[in-house]
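What follows is one structure encoded as structure tokens, with my remarks underneath.
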Amino acid sequence: MATDFRSLIPTLSYRNQAFIGGKYVPAASGETFDCVSPIDGRVLTKVAACDLEDVNRAVAAARAVFEKGSWSACHPGKRKKVMLKFAELMQKHKDELALLETLDMGKPISTSAGGDIPGSIQAIQWYAEAADKVYDEIAPYRPDSVSLITREPIGVVAAVVPWNYPLLMTSWKLGPALATGNSVIIKPAEQSPLTALRIAELAMEAGLPEGVLQVLPGFGETAGQALGRHMDVDMIAFTGSTQVGKYFLRYAGESNMKHVSLETGGKSPNIVFADAGDLNHIAKTSADGVFFNAGQSCNAPTRILVQDTIKDEFIALIAKHAKPWAPSDPLDPNTTMGAVVDADQMNRVLGYIESGRSEGATVTAGGSQVRKDTGGAYIEPTVFSDVKNDMKIAQEEIFGPVVVAVTFRDEAEAVRLANDSIYGLQANLWTRDVSRAHKVARQLKAGTVVVNNVWGSDITNPFGGYKQSGIGRDKSLHAMDKYCQVKNTYIQL
Ligand code: NAP
Ligand code: MG
């Protein structure tokens, strides 16, 4: 029987304090902030607003356990066991986690229960299993010596994460960082702290030593910056905007040159050649890719590049397939698009829509705020045509349910426009011509290229960007490298 999520709401109790040294504690200052649900503008709870002193305490606890070695130097098989148990406990509480995610950031319950939470559990599980399956190396060095190349955990890792996939982004960091033996401090986005706070106690219950996982809710400028500038944090694993990613590079440069891995913004091109085939299918898949999660996906295919000979037909089809994404109550299991994360984000997106209009683009579908009477933050699925690639709406990441369509004449122009962006996270292209597919894919400057689809994501595959979409890769075994130092030991025989 399908879970009745609404009936679970009264049973929820929110973890709203920081999690430091294995315990929930108030912020040292006693300060809190309101955790607001974008579904109806209601305050769900007041959450600890962590700052420098809390960061200092969390880093000290993380460092202490790291040096003690109870996690960093334990048998990898033990890490596997504890993490598998952790995943099992997340599974046991999956409905609660899904509901927390939906209440906290407004995505449909079908998405959190069907995507975010299972994906998060899978990430923890996958890296748990990898913990005792990745081998070190011996170099082909001189016969009178042995040269060992070994990986060691980096130390204290601070994961600073966004609100669009709160627990999933957390788990993409947590999985490989824990599997390789690090101590981790999570700083969730101020809009979405609830799931990260809840899983901290599940990790303890699974047997993670105190101090190995801590969660510091709070603001970017205070808690986030304090982590970025801390002299005893060894690494920042960041997902968020390009602008804040650059701040972390600066913080590292002005402090201890900590490692910084960045998964940042995107404005992914979606190239549709005239030879692509079934335009109705392509338009539907493309619209689904844009409007899923209310457009709040870093790799959403939000910049359609369509060949001029099919543009009218294709844009009409996109507008048609935008319609089923009309926003509705996130707690209704049939809802496809919920609220955007908060009123600020809604106003930012509406500002972009206004800018598109004033730059001369045409609103072919949507364009307005809806469901105002709910008190929540809802925007119609919006399609812009007559867009030039140098317009603001084609260059900047809108991060809402808005897609723009630009036309091109030939393959060379398609590639040039696709790469005419500061971002390089993902690029999609549609063609039936196999050599064109390979040729164009090679020329696209993006960490992920998807041919004849817009969906291409799995924990087994690396994910990250070229250019200002980031530095480093999440997911897959590649992600484990970035949480490790590589040590070379020579032994003279
Ligand atoms: P954001 O504003 O950059 O925030 C991300 C995190 O950084 C939050 O925890 C935030 O805290 C913190 N932060 C903000 N200002 C800070 C500062 N001055 N110093 C230190 N930390 C600071 O991003 P967002 O709006 O939450 O998320 C949307 C962005 O994430 C989009 O750009 C999207 O493309 C990107 N994203 C990228 C990927 C990827 O894998 N490439 C995946 C998902 C999302 P506060 O909550 O207090 O602001
Ligand atoms: Mg919230």
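Please read these numbers as outputs of a predicted model, since none were measured by experiment. One-based numbering, in listed order, for ligands and for the atoms of each.
Within 4.0 Å of atom 4 (O) of ligand 1, not a single protein heavy atom is present.
Those atoms of ligand 1 with a heavy atom of Glu397 less than 4.0 angstrom away are 31 (C), 32 (O), 33 (C), 34 (O). Which parts of ligand 1 touch Tyr251 is read off a 4.0 Å heavy-atom cut-off, strictly below it: atoms 17 (C), 18 (N), 19 (N), 20 (C). Using a 4.0 Å cut-off to heavy atoms of Lys187, the atoms of ligand 1 that qualify are 8 (C), 9 (O), 10 (C), 11 (O), 45 (P), 46 (O), 47 (O). Which parts of ligand 1 touch Gln191 is read off a 4.0 Å heavy-atom cut-off, strictly below it: atoms 46 (O). For ligand 1 and Gly218, the ligand atoms under 4.0 Å from any heavy atom of the residue are 47 (O).
Considering only non-hydrogen protein atoms, atom 28 (C) of ligand 1 sits nearest to Phe399 CE2, 3.4 Å. If you check which protein heavy atom lies closest to atom 36 (N) of ligand 1, you get Cys298 CB, 3.5 Å. Taking atom 35 (C) of ligand 1 as the reference point, the nearest protein heavy-atom neighbour is Gly240 O, 3.1 Å. The single protein non-hydrogen atom nearest to atom 41 (N) of ligand 1 is Thr264 O, 2.7 Å, given as residue, atom name and distance. Looking only at protein heavy atoms, the nearest one to atom 27 (O) of ligand 1 is Pro162 CB, 3.2 Å.
Only the side chain of Leu425 comes within 4.0 Å of ligand 1, counting heavy atoms alone; its backbone N, CA, C and O stay farther away. With a 4.0 Å cut-off on non-hydrogen atoms, Thr239 touches ligand 1 through its backbone as well as its side chain. Contacts between Pro188 and ligand 1 below 4.0 angstrom, taking non-hydrogen atoms only, involve the backbone exclusively. By the criterion of a heavy-atom distance under 4.0 Å, neither the backbone nor the side chain of Gln296 is placed next to ligand 1. Contacts with ligand 1 closer than 4.0 Å are made by no heavy atom of Leu227, backbone or side chain. Of the heavy atoms in Phe463, only side-chain atoms (C-beta onward) come closer than 4.0 Å to ligand 1. At a 4.0 Å heavy-atom cut-off, ligand 1 does not touch Gln243 at all.
Using a 4.0 Å cutoff on heavy atoms, Phe248 counts as a contact of ligand 1.
At least one N or O atom of Ser241, backbone or side chain, sits closer than 3.5 Å to an N or O atom of ligand 1. Polar contact check, Tyr247 against ligand 1: no nitrogen or oxygen pair lies under 3.5 Å apart. Taking distance alone, with nitrogen or oxygen atoms compared against 3.5 Å, Val161 approaches ligand 1 more closely than that limit. At under 3.5 Å, not a single nitrogen or oxygen of Glu221, backbone or side chain, sits near a nitrogen or oxygen of ligand 1. Looking at ligand 1, you'll find an N or O of Gly220 within less than 3.5 Å of one of its N or O atoms. Among the atoms of Trp163, some N or O lies under 3.5 angstrom from an N or O of ligand 1. In terms of polar-atom proximity, Thr242 is not counted as a contact of ligand 1, lacking any N or O under 3.5 Å from an N or O of the ligand. Taking any N or O of Ser469, backbone or side chain, none lies under 3.5 Å from an N or O belonging to ligand 1.
For the pair Lys267 and Tyr423, the cation does not sit on the ring face, since its NZ or CZ is not both under 6.0 Å from the ring centre and inside 45° of the axis.
Here the side chain of Asn293 pairs a donor or acceptor atom with the backbone of Asn164 at under 3.5 angstrom. One N or O on the side chain of Gln214 and one on the backbone of Ala58 form a donor-acceptor pair closer than 3.5 Å. No donor-acceptor pair under 3.5 Å is formed between the side chain of Asp104 and the backbone N or O of Cys35. No side-chain donor-acceptor contact under 3.5 Å links Thr448 to the backbone of Gln426.
Selection from Thr222, Val244, Ile236 by nearest heavy atom to atom 15 (N) of ligand 1 gives Val244. Selection from Asn293, Asn164, Val160, Leu262 by nearest heavy atom to atom 44 (C) of ligand 1 gives Asn164. Comparing heavy-atom distances from atom 48 (O) of ligand 1 across Arg229, Glu190, Met105, Met169 singles out Glu190 as nearest.
Under the 3.5 Å distance criterion, with hydrogens and angles disregarded, no donor-acceptor pair is assigned to the side chains of Lys246 and Thr264. Side chains of Asp288 and Trp325: a donor on one and an acceptor on the other come within 3.5 Å. Lys173 and Ser261 are not linked by any side-chain donor-acceptor pair at a separation below 3.5 angstrom, with hydrogens and angles left out of the test. Looking at Asn270 and Ser286, their side chains do bring a donor and an acceptor atom within 3.5 Å of each other. In this structure, a donor-acceptor pair under 3.5 Å is present between the side chains of Tyr352 and Glu396.
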Let me see the working for Ile121 and Leu97 under side chain to side chain contact (heavy atoms under 4.5 Å, CB included), right down to the final yes or no. CA-CA 11 Å; Ile121 295 166; Leu97 291 169; 5.8 Å; no

Given salt bridge (Lys or Arg N to Asp or Glu O under 4.0 Å), test Glu359 with Lys392 step by step and report yes or no. CA-CA 8 Å; Glu359 280 193 282; Lys392 195 169 154 181; over 6 Å; no

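Aromatic ring centroids of Trp172 and Tyr165 lie 6.0 Å or more apart.
Enclosure of atom NE2 in His93 by more than 12 non-hydrogen atoms of other residues, nucleotides or ligands within 6.0 angstrom is indicated. When the shell of 6.0 Å around CD of Glu53 is examined, it contains 12 or fewer heavy atoms from other residues, nucleotides or ligands.
Between Tyr251 and Phe248, the ring-plane angle classifies as perpendicular under the 30° and 60° cut-offs.
The residues Lys482 and Asp474 are annotated as salt-bridged, a charged nitrogen and a carboxylate oxygen being separated by less than 4.0 angstrom.
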